[in-house]
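Whatever order the structure lists ligands and atoms in, that order sets their numbers, starting from 1. All of these numbers come straight from a predicted model, not from anything done at the bench.
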Amino acid sequence: MSSFVAAEKDHLVNPPAGVPTLIQHYIDGKHVDSLDGGKFALGDPVGNATYAQVAAGSAADVDRAVAAARRAFTEGPWARATAGERARVLTRLAELIEASADQLAGFETFDTGLPITQARGQAARAAENFRFFAGLIAGMHEDAFRTGDSQLGYVIRRPVGVAGLITPWNTPFMLESWKLAPALAAGCSVVLKPAEWTPLSASLLPSLMERAGVPDGVFNIVHGIGEVAGAALVAHPDVPLISFTGETTTGKIIMRSAADHLKGLSMELGGKSPVVVFADADLDAALDSALFGVFSLNGERCTAGSRILVEHTIYDRFVERFAERAARIRVGDPAQDATEIGALVHAEHYARVSEYVEIGIAEGARLVAGGGRPAGLGSGNFLAATVFADVTPAMRIFQEEIFGPVVCITPFADEAEAVRLANDTRYGLASYIWTTDLRRGHRVADAVSAGMVWLNSHNIRDLRTPFGGIKASGVGHEGGTHSIDFYTESKIVHVALGDVRVPRFGARPA
Ligand code: NAD
């Protein structure tokens with residue numbers, strides 16, 4: 001039985017103070033409608049009712065934004081500013097985000113259905129992203145290479161130009177900051193295309209940017225449908241690089257389109273990450289981490305540990321304890337502090353995740369917790385924490401990213417089978433390993449196909465470390481200097497320090 005946070009229906013559908021009823025593009029320092037007047041309706045995930053209209057960008061709006069960004073890049077002060085000057089602006093931005101954290105978290109929760117305590121955490125992370133990249137850029141230097149006494153080479157690092165940033169609907173503001181911070185720190189101008197289901201928190205960015213001192217034209221937003229506004233940004237010849245976070249299928253479409261202009265690409269895509277629990281693990285810690293890892297952020301988390309692989313000797317007991325805890329997870333009003341799982345982002349996504357629950361049952365997996373709408377929550381996109389045991393690799397719920405509060409548990413016999421199962425998907429984003437045998441821990445960490453491994457450790461990120469996946473989970477890494485490398489291009493200047501000795505072609509007498 002799930003327990004729920006009681007909530008008045010009126011409270012559930014009331015937008016927080018200050019939520020706009022019209023969200024416009026932000027181009028060259030001005031809030032503007034689409035050139036053709038196009039708009040789309042925006043709903044909340046609890047009431048599933050329209051609360052705002054959003055400008056629906058077309059190729060013409062993208063053109064306008066890219067032109068402004070390009071002008072700011074080639075003529076404005078941002079790309080020419082010292083790293084220290086940019087760092088000061090980004091630090092101010094971090095402080096302004098911290099000062100607006102309550103409003104930001106409230107908007108995010110209302111628009112996405114993320115539990116408010118977790119939205120507050122994401123707002124703090126967004127501020128930290130700007131603060132971190134401010135510090136990083138201020139401390140960065142360019143390399144010099146001396147070749148004996150004969151030659152000196154030095155590197156000039158320049159911002160690439162107008163960066164196209166395309167973001168998904170899970171933790172929207174945090175993910176936008178994860179791209180904006182390094183792009184701006186590097187000196188690029190940007191055009192951000194937020195996800196169409198969750199543009200609300202991004203509507204706070206223009207005022208924050210203006211107050212922090214980001215010059216007009218450096219930061220632009222074009223809202224709209226991915227296949228229209230996003231596609232136009234990817235296809236635009238004056239946008240030399242695209243940083244994309246979203247689904248693997250969308251990533252493939254973007255890579256094809258970007259190939260025409262040989263764009264720089266950073267692709268952060270889907271995941272189906274394993275949690276491998278050996279019998280000798282600290283089971284209490286593994287259990288806490290596995291539960292939080294898949295059910296936090298409503299399970300709408302790219303690094304969710306959505307396949308839990310458990311050594312057969314502890315399997316039954318683990319499944320029982322996991323299911324008991326999952327059944328007690330509080331599902332309800334995202335705006336209440338006690339809520340652990342809120343509402344899934346959109347009715348369409350709710351239907352998709354619910355369909356996976358049906359698929360799991362039809363495939364013969366054993367449903368041990370959840371499986372449907374919690375009692376007492378008759379409307380809204382609410383799904384109880386759902387746990388399937390005895391899941392086999394042939395099942396779709398083992399292979400496909402569900403991106404909701406649904407987890408698979410599978411037994412394994414030994415280390416070799418654990419690694420085989422962990423790697424038996426097309427994805428390779430994160431993995432989590434629990435064992436007190438450190439030699440085995442390091443062996444398995446090396447053997448799993450994933451961009452990121454946490455060994456006896458919860459999903460905690462050090463912003464300096466590379467972030468990204470392999471296989472169908474992505475191409476390229478962001479994080480720390482990896483992000484700055486992406487948004488800058490390095491030029492090497494070679495200088496001779498003495499006489500130049502060159503084979504003298506054509507110097508022999510005829
Ligand atoms: P999505 O691919 O549907 O959309 C992401 C963004 O791309 C949106 O802004 C959308 O409008 C835009 N878009 C859609 N079609 C486009 C096109 N043809 N051209 C250009 N842009 C287009 O993804 P989503 O459903 O918003 O997000 C969920 C997915 O994101 C999951 O697969 C999740 O794993 C992934 N994700 C990955 C990471 C990571 O770091 N690896 C982080 C968060 C989310």
May I have the step-by-step check of side-chain contact (heavy atoms from CB on, under 4.5 Å) for Tyr427 and Leu429, ending in yes or no? CA-CA 6 Å; Tyr427 294 108; Leu429 189 57; 5.8 Å; no

Any idea which part of Ile166 is under 4.0 Å from ligand 1, heavy-atom wise: side chain, backbone, both or neither? side chain

Just to check, does Trp197 reach to within less than 4.0 Å of ligand 1 when the distance is taken from its heavy atoms? no

Distance from Ser257 atom OG to His236 atom NE2, nearest 0.5 Å? 12.0 Å

Enumerate the atoms of ligand 1 whose separation from the nearest heavy atom of Ile254 is less than 4.0 angstrom. 19 (N), 20 (C), 21 (N)

Look only at interatomic distance and state if Lys193 has a nitrogen or oxygen under 3.5 Å from any nitrogen or oxygen of ligand 1. yes

For Asp462, enumerate each residue passing the side chain to side chain contact (heavy atoms under 4.5 Å, CB included) test, keeping only those at least two apart in sequence or located in another chain. Arg464, Thr465

Check ion pair Arg64-Asp28 (N to O, under 4.0 angstrom): no

Closest non-hydrogen protein atom to atom 6 (C) of ligand 1, residue and atom name please, with distance? Thr167 O, 3.4 Å

Where does Leu429 meet ligand 1, judged by heavy-atom distances below 4.0 Å: at the side chain, the backbone, both, or neither? side chain

Verify side-chain contact (heavy atoms from CB on, under 4.5 Å) between Glu108 and Gln122, making sure each step is shown before the conclusion. CA-CA 9 Å; Glu108 200 75 306; Gln122 296 297 317; 5.7 Å; no

Under the side-chain hydrogen bond (donor to acceptor under 3.5 Å, both in side chains) test, which residues partner Ser266, sequence neighbours left out? Glu478

What atoms of ligand 1 come within less than 4.0 Å of a heavy atom belonging to Trp169? 24 (P), 25 (O), 26 (O), 27 (O)

If the plane angle is over 60° it's perpendicular, under 30° parallel, otherwise tilted; pick one for Phe403 and Trp169. perpendicular

Thr245 N/O to ligand 1 N/O under 3.5 Å: no

Check step by step if ring pair (Phe, Tyr, Trp, His ring centres under 6.0 Å) holds for His458 and Phe292. CA-CA 9 Å; His458 192 51; Phe292 187 84; 5.3 Å; yes

Indicate yes or no: at least one non-hydrogen side-chain atom of Val162 is less than 4.5 angstrom from one of Asp238. no

Separation between OG (Ser201) and CD (Gln103), nearest 0.5 Å, reads 10.5 Å

Residue, atom name and distance, where the atom is the protein heavy atom closest to atom 41 (N) of ligand 1: Leu269 O, 2.7 Å

For atom 28 (C) of ligand 1, closest protein heavy-atom neighbour: Phe403 CE2, 3.6 Å

Heavy-atom proximity to atom 30 (O) of ligand 1, picking from Gly246, Gly474, Gly251, Ala195, points to Gly246

Please assess Arg131 against Glu98 for the test salt bridge (charged side-chain N to carboxylate O under 4.0 Å, His left out), listing each intermediate value before the final yes or no. CA-CA 11 Å; Arg131 200 186 302 286; Glu98 277 160 353; 2.5 Å; yes

How does Thr171 reach ligand 1, if at all, at less than 4.0 Å between non-hydrogen atoms: by side chain, backbone, both, or neither? neither

Do the rings of His349 and Trp197 sit parallel, tilted or perpendicular, given the 30° and 60° boundaries? tilted

Identify the closest protein heavy atom to atom 32 (O) of ligand 1: which residue and atom is it, and at what distance? Glu401 OE1, 2.6 Å

Tell me, which protein residue and heavy-atom name are nearest atom 36 (N) of ligand 1, and how many Å apart are they? Cys302 CB, 3.6 Å

Does some non-hydrogen atom of the protein lie less than 4.0 angstrom from atom 4 (O) of ligand 1? no

For Gly230, the ligand 1 atoms whose distance to one of its heavy atoms is below 4.0 Å: 19 (N), 20 (C), 21 (N)

side-chain contact (heavy atoms from CB on, under 4.5 Å) with Phe219: of Leu93, Ile27, Val190, only one passes, and it is Val190

Closest approach of any protein heavy atom to atom 13 (N) of ligand 1, naming residue and atom: Gly226 CA, 3.4 Å

For atom 15 (N) of ligand 1, which protein heavy atom lies nearest, and how many Å away is it? Thr250 CG2, 3.3 Å

Which of the numbered atoms in ligand 1 are under 4.0 angstrom from any heavy atom belonging to Phe467? 40 (O)

If you count the atoms of ligand 1 from 1 in the order shown, which ones are under 4.0 Å from a heavy atom of Asn170? 43 (C), 44 (C)

For Phe244, the ligand 1 atoms whose distance to one of its heavy atoms is below 4.0 Å: 2 (O), 5 (C), 6 (C), 7 (O)

Tell me which protein heavy atom sits closest to atom 27 (O) of ligand 1, plus the residue, atom name and distance to 0.1 Å. Pro168 CB, 3.2 Å

Going by heavy atoms, is Leu175 under 4.0 Å from ligand 1? yes

Only one of Val407, Ile361, Thr410 passes side-chain contact (heavy atoms from CB on, under 4.5 Å) with Phe388; say which it is. Ile361

